[in-house]
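Excluded from the calculations below are hydrogen atoms, water molecules and symmetry mates; all remaining heavy atoms, backbone and side chain alike, are included. Quick note: residue numbers are just sequence positions, from 1.
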Amino acid sequence: MRIDLHTHSSASDGTDTPAELVRAAHAAGLDVVALTDHDTTAGWDEALEAAPAGLTVVRGMEMSCTGRGEDGDPVPVHLLAYLFDPENEAFALERARLREERSTRIRRMAELLAVDYPSIDPDDILARTGPSAGRPHLARALVEAGAAPSVQAAFDGPLSTRSQYYVPKVDTPLDRAVKMIAAAGGVSVLAHARARTRGRLLDLAQIRELVSLDPGGLGGLEVDHADHNAEDARILRELAGELDLIVTGSSDYHGRNKELKLGQHLTSVDNYERLVSQASGLPA
């Protein structure tokens, strides 16, 4: 089986609709694909309805969190949540708060950009985004306006965390997010935790702390990912073995927004079955 447990649709910052994504996943030879849009479940129903015969769609989400960096200071972290109950009240309220944070931040960044890039229209950008606005929406607007040659160039320049246009947002503390996912019957997996190209790294000691949280600790680590070099993948794989965590691999597919292919990295059948068996919020 070919299993890809991390993809994004136009419900957040991908360019494929959920229906287009599942059809592309089937065409790429996948047997299982997880839809993990940022802080939203909005694409689930469309993906399930459009899924071709023979393709299993795993309902998931990528949550915006704040962890403890190796230097002791806060660091942005992404946490994948799988097969949780979307009706869990506390978790649903937190997802709504995160989406509001995203929308407010993107509007403010668009307003700042519009001062120097008059063709940027904050209202138009917000009108075109899904329920989970992100910097890729701004990046595409900059490309369309001729203010950046590519999405990556926009991220390296005006959308960089070091840019005068960058606006931070208030994300969920990582330990609280893990406990919320567990309380909703889901399984949590740290996404690309050693992605050096994205900036500072999460303290490995915090990963150890997350495993023993009550109720329910961290479930797994995303090890095989385009942003991990061989050494960092080895570190995470060994840590997962030490802590008896699920090991996943995935593409982190975003359609045209990133040069990543569906199935670029995969999850083993054993680890997938283990993830499904640990979830109580939803069936796979």
Backbone of Leu98 reached by a side-chain donor or acceptor of Glu101 within 3.5 Å: no

Aromatic ring proximity, centroids under 6.0 angstrom, His38 and His8: yes

Could Glu70 and Arg194 be called an ion pair, given the rule that one side-chain N must be under 4.0 Å from one carboxylate O? yes

Side chains of Asp37 and Ser9: donor-acceptor distance under 3.5 Å anywhere? yes

In plain terms, say whether Arg274 and Asp244 are close enough for a salt bridge, that is, a side-chain N and a carboxylate O under 4.0 Å apart. yes

If the threshold is 4.0 Å, N to carboxylate O, is there a salt bridge linking Arg68 and Asp203? yes

Please examine the side chains of Pro215 and Lys179, heavy atoms only from C-beta on, and report whether any two atoms are closer than 4.5 Å. yes

With a 3.5 Å cut-off and no angle check, do the side chains of Asp16 and His254 form a donor-acceptor pair? no

Thr104 side-chain N/O to Glu100 backbone N/O, donor-acceptor pair under 3.5 Å: yes

Taking the side chain as everything from C-beta on, heavy atoms only, tell me whether Val75 gets closer than 4.5 Å to Asp73. no

Can we say Arg196 and Asp227 salt-bridge, meaning some charged N sits less than 4.0 Å from an Asp/Glu carboxylate O? no

Heavy-atom closest pair, residues Pro168 and Arg105: O-CG, 4.1 Å

Of all heavy-atom pairs linking Ile125 and Ala110, the shortest is CD1-CB, 4.3 Å

Treating Arg99 as the side-chain partner and Asp39 as the backbone partner, does any N or O pair qualify as donor plus acceptor under 3.5 Å? yes

Report yes if some heavy atom in the side chain of Leu190 is under 4.5 Å from a heavy atom in the side chain of Leu236; otherwise report no. no

Any side-chain heavy atom of Glu209 within less than 4.5 Å of one from Asp175? no

Please answer whether the main-chain N or O of Arg256 pairs with a side-chain N or O of Thr15 as donor and acceptor at a distance below 3.5 Å. yes

Taking Asp232 first and then Arg234, would you say they form a salt bridge - that is, a charged N and a carboxylate O separated by under 4.0 Å? no

Taking the basic N atoms (NZ, or NE/NH1/NH2) and the acidic carboxylate oxygens, is any pair closer than 4.0 Å for Glu94 and Arg97? yes

Just so I know, are the side chains of Arg208 and Leu243 near enough to count as touching, which here means a heavy-atom distance under 4.5 Å? yes

Distance-minimising heavy-atom pair for Ala34 and Tyr82: CB-CE2, 3.8 Å

Are side-chain heavy atoms of Leu79 and Leu218 found at a separation under 4.5 Å? yes

Arg162 to Tyr166 six-membered ring, cation-pi geometry met (6.0 Å, 45°): no

Looking only at side-chain N and O atoms, does Arg102 offer a donor or acceptor that is under 3.5 Å from a partner on Ser64? yes

Any side-chain heavy atom of Thr248 sitting closer than 4.5 Å to one from Asn271? no

Going by atom types only, do Asp4 and Ser251 share a side-chain donor-acceptor pair under 3.5 Å? yes

Is Leu21 close to Tyr253 at the side-chain level, that is, under 4.5 Å between some pair of heavy atoms? yes

Taking the six-membered ring where the residue is Trp, are the ring centres of His265 and His6 under 6.0 Å apart? no

Classify the side-chain pair Glu62/His78 by whether it contains a donor and acceptor separated by less than 3.5 Å. yes

